[in-house]
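Values in this document were obtained by computation on a predicted structure and should not be read as measured data. Whatever order the structure lists them in is the order used to number ligands and atoms, beginning at 1.
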Amino acid sequence: MSLLVLKFGGTSVADVERIRNAAAHVKREVDAGHACAVVVSAMAGQTNQLVTWVEDAWGFKLNNGNQVSAMYDAREYDAVVASGEQVTSGLLAIVLQSIGVKARSWQGWQIPMTTDGAHRAARITGVAVDMLKAHMMGGEVAVVAGFQGIGPENRISTLGRGGSDTSAVALAAALDADRCDIYTDVDGVYTTDPRIVPKAHRLDRISYEEMLEMASQGAKVLQTRSVELAMQRGVRVLVRSSFEPPHLNGAKAAEACGTLVCHEDEIVEQNVVSGIAYARDEAKVTLLKIADKPGVAAQVFCPLADANINVDMIVQNVSEDGFTDLTFTVQSADFDRAIEVLKKSREAIGYADLRGSSDIAKVSAIGVGMRSHAGVASQMFSALAEKGINIEAISTSEIKISVLIDAAYAELAVRTLHSLFGLDSR
Ligand code: ADP
Ligand code: ASP
Ligand code: MG
């Protein structure tokens with residue numbers, strides 16, 4: 001008997017009908033003799049609604065459109081937004097019971113799935129699966145509320161947006177599951193977001209490293225942390241569609257139904273570039289005329305780090321008369337806080353002016369083949385130049401090149417690079 005973790009995202013549990021469909025997928029696996037744990041997200045749109053209520057309660061939209069300065073209590077945010085998954089876990093358990101499958105729901109605190117105290121984006125510190133496993137071995141499906149855990153102060157925590165993927169992978173690792181199936185609204189990982197480029201095609205397999213770059217550069221099909229965890233723990237993750245009829249899936253080998261995220265050496269054929277990712281959720285900050293001397297960068301970035309604000313791309317101009325400009329990007333969600341932190345540190349840093357913009361996009365080409373092929377960057381920059389797209393910043397890793405551009409050109413840039421690297425489906 002194998003042990004499977006199945007995860008259903010928001011659109012796959014968007015209403016009771018969709019939950020019934022998810023239950024049919026689960027039943028197929030149970031009937032095939034697998035022990036199953038199922039992780040669910042909240043119904044599509046529900047978490048956004050809950051976040052809006054938190055912001056309204058705190059008065060974020062008051063103050064003539066300016067945000068109120070201090071942040072609301074993140075523990076209460078978690079108490080509110082975790083509730084969406086409580087609803088779907090209970091509903092799926094009820095539907096499973098109604099079709100004769102033994103099932104019960106588990107909230108994060110009941111397992112318990114413990115996390116650190118970084119509310120709103122907590123990290124999982126442990127998954128105590130003994131009790132859950134005992135139930136599963138008795139033939140009961142464990143329906144687990146994704147996205148949530150319990151923090152050190154015994155308070156409900158959440159794992160950051162898209163965090164149910166991470167709940168599923170963490171559970172699969174703790175249960176030593178044979179596979180973690182991520183059911184979503186696309187039938188796998190594509191060469192780029194199929195909503196933007198209709199010519200995108202599905203990859204049969206993608207390496208953990210490439211998937212990690214794709215996710216962290218904006219392909220939200222899997223939460224970045226879930227891929228990190230899958231890679232560390234060697235969890236086989238299969239991204240597949242809940243929209244395929246449940247009975248038909250049974251006829252095919254499971255791994256032919258989607259994209260398998262696995263070790264690089266399990267992939268035979270490999271393009272130089274495997275995929276193009278894009279993100280529009282970053283904002284750009286520029287500090288004008290700061291002193292070009294040792295210690296200034298630390299004065300800029302230490303207070304941001306202290307405020308838990310992640311900085312992504314950084315560009316420093318050539319120095320003139322001992323002064324320089326510094327541009328960097330942060331998540332849009334952190335933009336206002338970053339500006340506030342920098343204004344407070346103005347005296348210590350000593351900049352002449354502070355500018356910011358969120359009308360930017362980051363477009364990335366990703367592929368393990370870049371390790372052994374020169375010239376990918378130059379091809380990429382020439383193709384963008386031909387389309388008149390200006391590059392504002394560049395960052396690279398061994399298997400990725402990212403450029404920062406005007407948001408208005410994001411889709412054109414993605415389509416251009418997708419064709420350039422031979423990814424358009426024929
Ligand atoms: P879920 O609610 O199931 O967690 P998400 O909306 O979080 O689903 O993720 C699935 C979406 O990810 C798809 O609908 C698709 O638009 C988007 N996406 C972005 N990049 C990719 C990609 N490279 N491959 C597949 N889907 C992608
Ligand atoms: N419901 C949460 C969100 O919308 C978690 C998830 O869907 O993975 O972010
Ligand atoms: Mg998701």
> Are His418 and Thr191 linked by a side-chain donor-acceptor pair shorter than 3.5 Å?
Replying inline: yes
> Who's closest to atom 14 (O) of ligand 1 heavy-atom-wise, of Arg195, Met43, Gln223?
Replying inline: Arg195
>> I'd like to know if Gln46 contacts ligand 2, where contact means a heavy-atom distance under 4.0 Å to any ligand atom.
In response: no
>> Pairs of nitrogen or oxygen atoms closer than 3.5 Å, one from Gly160 and one from ligand 2: do any exist?
In response: no
> So, Asp181 and Arg236, do they make that salt bridge, N to O below 4.0 Å?
Replying inline: no
> Looking at atom 3 (C) of ligand 2, what's its closest protein heavy atom, distance included?
Replying inline: Arg161 NE, 3.3 Å
> Which of these, Ala219, Pro194, Ala277, has its nearest heavy atom closest to atom 20 (N) of ligand 1?
Replying inline: Ala219
> Heavy-atom contacts under 4.0 Å between Lys220 and ligand 1: side chain, backbone, both, or neither?
Replying inline: both
>> Among Arg225, Glu228, Gln223, exactly one meets side-chain hydrogen bond (donor to acceptor under 3.5 Å, both in side chains) together with Thr166. Which residue is that?
In response: Gln223
> Between Glu210 and Lys400, does at least one N-O distance fall below 4.0 Å, as a salt bridge requires?
Replying inline: no
>> I'd like to know if Gly10 contacts ligand 2, where contact means a heavy-atom distance under 4.0 Å to any ligand atom.
In response: no
> What do we get for Lys7 next to ligand 1 when only non-hydrogen atoms under 4.0 Å count, side chain, backbone, both or neither?
Replying inline: side chain
> Hey, are the side chains of Thr158 and His119 touching, using non-hydrogen atoms and a 4.5 Å cut-off?
Replying inline: no
> Looking only at N/O atoms, are Gly10 and ligand 1 under 3.5 Å apart anywhere?
Replying inline: yes
>> Under 3.5 Å between any N/O of Ser12 and any N/O of ligand 1: does that happen in this structure?
In response: no
> Are any of the N or O atoms of Asp165 closer than 3.5 Å to those of ligand 2?
Replying inline: no
>> Check for me whether the distance between the ring centres of Phe328 and Phe301 falls short of 6.0 Å.
In response: yes
>> Regarding Arg240 and Asp187, does a basic nitrogen lie under 4.0 Å from an acidic carboxylate oxygen?
In response: no
> Does Gly9 come within less than 4.0 angstrom of ligand 2, counting non-hydrogen atoms of the residue?
Replying inline: no
> Does the N or O separation between Asp165 and ligand 1 drop below 3.5 Å for any pair?
Replying inline: no
> Mind checking whether Ser41 has an N or O less than 3.5 Å away from an N or O of ligand 2?
Replying inline: yes
>> Can you tell whether the side chains of Lys362 and Glu392 come within less than 4.0 Å, N to carboxylate O?
In response: no
> Based purely on interatomic distance, does Thr191 place a nitrogen or oxygen under 3.5 Å from a nitrogen or oxygen of ligand 1?
Replying inline: no
>> Taking the ring of His263 and the ring of Tyr208, is the distance between their centroids below 6.0 Å?
In response: yes
> Of the choices Val186, Thr184, Val13, which has the non-hydrogen atom that lies closest to atom 3 (O) of ligand 1?
Replying inline: Thr184
> To which of Ile366, Asp193, Ile196, Asp185 does the heavy atom nearest atom 19 (C) of ligand 1 belong?
Replying inline: Asp193
> Val26 and side chain to side chain contact (heavy atoms under 4.5 Å, CB included): which partner among Asp31, Ile99, Leu96?
Replying inline: Leu96
